Amino acid sequence: MPGLTIGDTIPNLELDSTQGRIRIHDFVGDGYAIIFSHPADFTPVCTTEMAAMAGYAHEFEKRGVKLLGISCDDVASHKEWIKDIEAFKPGAKLTYPIMADPDRRAIRELNMVDPDEKDARGVSLPSRALHVVGPDKTVKLSFLYPACTGRNMDEVLRAVDSQLTAARHKGKVATPANWKPGDRAVIGPSVSDDEARKLFPDGFETADLPSKKGYLRFTKV
Ligand code: BEZ
């Protein structure tokens with residue numbers, strides 16, 4: 001997949017948003033941020049996604065993770081659409097900004113274009129892309145979904161929790177399949193057993209596998 005990917009610095013674009021002018025690096029600041037695109041305002045799946053994200057906003061805030069939406073409609077359209085989103089999910093307040101990218105320059109630079117999804121003029125719409133950006137302004141993980149598939153916010157939160165867990169342990173742990181907070185993590189392959197004993201005073205458990213290579217080690221985090 002060409003374009004912005006894991007490890008790349010997010011372009012420091014400056015765009016109008018529902019909460020004023022935003023420069024992406026300033027917005028990310030010293031923490032983590034999720035920058036996510038949606039194909040168009042006033043469309044069904046996007047409305048459910050935005051409402052779902054509004055409902056999860058407090059979870060991301062608790063973790064110090066900021067939210068930043070983007071689509072190719074303009075700010076006036078976004079502001080009108082927010083009324084629908086909030087009405088669809090009574091009690092929800094859309095507290096995060098949505099950036100406007102009417103000329104679609106930003107979605108190209110952010111690798112958020114869906115070439116299969118076009119507007120009435122035949123111009124490509126944004127995909128449902130999502131980048132988690134770290135304090136160093138690099139992309140830590142990305143989702144890339146097409147217009148027909150709404151994202152699962154539990155999975156976004158789970159992926160963020162995984163990323164924050166790995167970062168807290170300086171990349172010495174990773175999270176296994178279907179991991180969720182509270183589960184054991186695995187110790188990364190670059191960590192020797194000796195180092196692991198120092199790093200994880202509660203110890204670790206090595207899965208007994210036919211290869212006897214001892215590479216699958218679980219530890220509490
Ligand atoms: C939607 O949000 O439902 C949608 C947006 C663009 C294309 C297809 C579906």
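Just so it is clear, the structure is predicted and the values come from calculations on it, not from any experiment. Counting starts at 1 for both ligands and their atoms, following the listed order. Scope of the values below: all heavy atoms of this structure, side chains included, with no hydrogens, waters or symmetry mates.
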Peer 1: With clusters defined by side-chain heavy atoms of hydrophobic residues (ILVMFWY) lying less than 4.5 Å apart, directly or transitively, does Leu13 cluster with Val133?
Peer 2: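 Result: yes, single cluster for both.
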
Peer 1: Just by distance, no angles: are the side chains of Asp136 and Thr138 close enough, under 3.5 Å, to form a donor-acceptor pair?
Peer 2: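 There is such a pair between these side chains.
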
Peer 1: Identify the protein atoms, limited to N or O, that lie within less than 3.5 Å of an N or O atom of ligand 1, and list each pair with its distance to 0.1 Å.
Peer 2:
residue, atom, partner, partner atom, Å
ligand 1, 2 (O), Thr43, OG1, 3.0
ligand 1, 2 (O), Val45, N, 3.1
ligand 1, 2 (O), Cys46, N, 2.8
ligand 1, 2 (O), Arg128, NH2, 3.0
ligand 1, 3 (O), Pro44, N, 3.4
ligand 1, 3 (O), Val45, N, 2.7

Peer 1: Is any side-chain N of the basic residue among Glu109 and Arg105 closer than 4.0 Å to the acidic one's carboxylate O?
Peer 2: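 Between Arg105 and Glu109 there is a salt bridge, with a charged N closer than 4.0 Å to a carboxylate O.
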
Peer 1: On a heavy-atom basis, which atom in Pro97 and which in Leu67 lie closest, and how many Å separate them?
Peer 2: CD-O, 3.5 Å

Peer 1: Answer yes or no: is there an ion pair linking Lys118 with Asp114, defined by an N-O contact shorter than 4.0 Å?
Peer 2: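 No, Lys118 and Asp114 are not salt-bridged.
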
Peer 1: Hey, are Lys79 and Ser77 close enough side-chain-wise for a donor-acceptor pair under 3.5 Å?
Peer 2: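 Looking only at side-chain atoms, Lys79 and Ser77 do not form any donor-acceptor pair under 3.5 Å.
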
